[in-house]
Visitor: 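Input: one structure, supplied below.
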Amino acid sequence: MLAAMRYSRSFIPTLRDAPADAEVTSHKLLLRAGYIRRVTSGVYDYLPLALLVLRKIEAVIRDEMNRAGAQELLMPMVQPGELWEKSERMEKYGPELLRFKDRHSHESCLGPTHEEVICDLVSRELRSYKQLPMNLYQIQNKFRDEIRPRFGLMRGREFVMKDAYSFHADEESLAAEYKNMFEAYTRIFTRFGLKFRPVEADTGSIGGSDSHEFHVLAESGEDLIAHCSGCDYAANVEKAVSVRASTSCEQAALNMVETPGVTSVEDVADFLSVDIGLLVKTLVYRVNGGEHDGAIVATCVAGDDQVQEIKLAHVLGADSVEMASDDDIASIGGITGFVGPQQLSGRVLVDMRLQGATGLVAGANQPDTHVTGLDITRDIAEPEFADLRETRAGDVCERCGGMIELSRGIEVGQVFALGTRYTEPMEVIFQNQQGKRSVATMGCYGIGVSRLMAAIVEQCNDEAGINWPLALAPFQVGLISMGRSDAVRDTSETIYRQLADAGIEILWDERNERPGVKFKDFELIGLPFQIVIGDRGLKDGEVEIGWRQQQRKTVAVADVVNIVLTELHATEANS
RNA sequence: CGGGGUGUGGCGCAGCCUGGUAGCGCGUACCGUUCGGGACGGUAAGGUCGGAGGUUCGAACCCUCUCACCCCGACCA
């Protein structure tokens, strides 16, 4: 590995201004500090500095994966279409799967993930339960034709991912490996010094039963996570379950009221001077995929709640749901803006929070009209109750009664207990202890390596630039030579050589630049430790050393190498 | 895909409304003075104004089409 480098010979194109299209801190800084350059939407060059960091991140991941008993292998990025037909994901994965034909018109795709390929491999070689369990992983580029790439490395189309796949003879073994991986992930993110949180997660398009995501907590995070202040419950808001008392008022007779042109819940609440929680928000969805594909269903939540569409899709056994068109709404007897749960021809799903509520306000399914005094039990023909609402801050924890809070997070890892979702169709079969053919159970475990780099920058930065932890910085030490005197040059070179020989990763700024420029560049790039050599100190036989953005101290030239080694090793040992 | 926006030298921008010599700051090259926290003076290089078509005597500017990129929503490591 490149351990020592002269600045004038290195490719570190720093920018004084951040390009206008960079939004989040990590994107701006990685661009400005010369780590990455955009090639096309969601696709980046990793410049030398970025590669150095990426390799260090990978090294930690490898270390922990190997320690956890997993074995590294490398699978191809180009995959044959048949495998995806076999797992029935050719259709399901959708346009995110980049497909193409090779010169023989063979249907192929760029791997967005590798369940199919690994199952194919393992199914060919697996015969006996004695070969199980096994956990195989790779660190490799993935391609997902994201609808909307953004935030630089945070959501690219091409990205580096560590993906691991485990195979088991039974559920107990899978559960044990799931726990093992969960713990390995916890160690990995802890070693990076990150503020992170494992949360219960939806399984998404991968499928399976049990899943946790690991989120780095950051304002710029794209995910919302709910966590309890009283216990360790934490879940992605796509899945989080929590309680909030229903807003109810006295039972009353149904009554039609005219509400000309008043459609949004806020406006209706205002117009009728009632608490927004007393409204019933009725949203109509079109179902995509599953056995109710194409159906139009109505959903009801309290006026102050939001429908959590992922939960809804799960309840319906659908791939996804989308807001219905005005025509769709009319087809079940509703009128856009005045939809209510009564007299609709389709299914009506009602959020559990509304169960038993009375004295509510809802659309009347007639133009410019709402009803008051609605009683869920009395007035809705066949309500199907389900948990549909999105958890909000201030909800009550179902487990301990504590208060639920919300945070933003960047998802950097996820573990899945897949069960037989892939092993069944891909025929990963072995002979069990009883001599019977049995389908293996499977788990998969991902870490977004390139995203992790961005997430770390998101958490480790200041006004001056990136503030890498010592273990991840592209170089541990930045050596700055001040002025061009022979003394400065010779001393610098000697110290540079000695540190490099001692195995220290060092970048020597010997450019003919003014000091300010050099300091700014090193701070931008994020080198943790500085050595400053100038005539001023040298005349007393001294140089300056210090941690980034902290007061430097002077030490004798003769002692620098030893002192620096001691300081670095002490810090390494501490972290 | 729907909604919004932007394309002018490497980066950041002005000019466009009201057509007539393509400009500013930073950066880059060279010379000189500087040299402990993004120096100063001088000289210079670098742009078919995203692309195509149209209107016009004349288009960065007006019109049409197109491409790319960015932002907001659905996706996910």
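All chains are named by letter (A, B, ...) in the order of the sequence lines, taking the proteins before the strands, and each is independently numbered beginning at 1.
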Visitor: Searching all strands shown, indicate the nucleotide that pairs with A39(B) (Watson-Crick or G-U wobble; both distances under 3.5 Å).
Guide: U33(B)
Visitor: Verify the ring-centre separation between Phe182(A) and His212(A): is it less than 6.0 angstrom?
Guide: yes
Visitor: Check whether the ring centres of Trp84(A) and Tyr93(A) lie less than 6.0 Å apart, and answer yes or no.
Guide: yes
Visitor: Do Glu523(A) side-chain and G37(B) base share a donor-acceptor contact under 3.5 Å?
Guide: yes
Visitor: Mind checking the C1' distance from G47(B) to U28(B)? Whole angstroms is fine.
Guide: 15 Å
Visitor: Do we see Phe519(A) stacking on the base of G38(B), given a limit of 5.5 Å between centres and 30° between planes?
Guide: no
Visitor: Rounded to whole angstroms, how far apart are CE on Met482(A) and P on A39(B)?
Guide: 13 Å
Visitor: Ignoring the backbone of Lys520(A), work out which of G37(B), C75(B), U34(B) is nearest its side chain.
Guide: G37(B)
Visitor: When rounded to the nearest Å, what value does the distance between C1' atoms of U64(B) and G46(B) take?
Guide: 33 Å
Visitor: Tell me if the side-chain of Asp21(A) makes a donor-acceptor pair with the base of C71(B), cut-off 3.5 Å, by modelled atom types.
Guide: no
Visitor: Starting at atom CG of Asp163(A), determine the distance to atom C1' of C76(B), rounded to an integer number of angstrom.
Guide: 14 Å
Visitor: If we take the P atom in both U56(B) and G51(B), what is their distance in whole Å?
Guide: 23 Å
Visitor: Give the rounded distance in Å between these two atoms: CG of Leu524(A) and P of G37(B).
Guide: 18 Å
Visitor: Of the listed nucleotides (G38(B), A77(B), G36(B)), which one gets closest to any side-chain atom of Arg32(A)?
Guide: G38(B)
Visitor: Using the C1' atom as the point on both nucleotides, what is the distance between C62(B) and A68(B), in whole Å?
Guide: 23 Å
Visitor: Here's a test of your reading of the structure: between Ala22(A) and Glu146(A), which maps to the more 5' nucleotide of RNA chain B?
Guide: Ala22(A)
Visitor: Rounded to whole angstroms, how far apart are CD on Glu322(A) and P on C1(B)?
Guide: 15 Å
Visitor: For Met154(A) and C70(B), what is the distance between atoms CE and C1' respectively, to the nearest whole Å?
Guide: 16 Å
Visitor: On RNA chain B, does the nearest nucleotide to Glu544(A) precede the nearest nucleotide to Ile310(A) from the 5' side, or the other way round? Give the residue.
Guide: Glu544(A)
Visitor: How many Å lie between CZ on Arg150(A) and P on C76(B), as a whole number?
Guide: 13 Å
Visitor: Please pick, from A77(B), C35(B), C71(B), the nucleotide with the shortest atom-to-atom distance to any side-chain atom of Arg155(A).
Guide: A77(B)
Visitor: Among C76(B), U28(B), G12(B), which nucleotide sits nearest the side chain of Pro19(A)?
Guide: G12(B)
Visitor: Please give, in whole Å, the distance from C75(B) C1' to Asp202(A) CG?
Guide: 12 Å
Visitor: Does any part of the side chain of Ile533(A), heavy atoms only, come nearer than 4.5 Å to the side chain of Met482(A), both counted from C-beta?
Guide: no
Visitor: Expressed as a whole number of Å, how far does the C1' atom of G9(B) sit from that of C24(B)?
Guide: 12 Å
Visitor: Which nucleotide in the set C70(B), G37(B), G73(B) lies at the smallest distance from any side-chain heavy atom of Arg38(A)?
Guide: C70(B)
Visitor: Write down the distance between CD1 (Ile456(A)) and P (A77(B)), rounded to a whole number of angstrom.
Guide: 18 Å
Visitor: Which nucleotide wins on minimum distance to the side chain of Ser41(A), given the candidates G37(B), G38(B), C70(B)?
Guide: C70(B)
Visitor: Select one nucleotide: of A39(B), G37(B), A77(B), the one nearest the side-chain heavy atoms of Arg514(A).
Guide: A39(B)
Visitor: With C1' as the reference atom in both, quote the distance from A74(B) to G2(B) in angstrom, rounded to an integer.
Guide: 10 Å
Visitor: Kindly say whether Ser325(A) contributes a backbone atom to a donor-acceptor pair with the side chain of Asp328(A) at under 3.5 angstrom?
Guide: yes
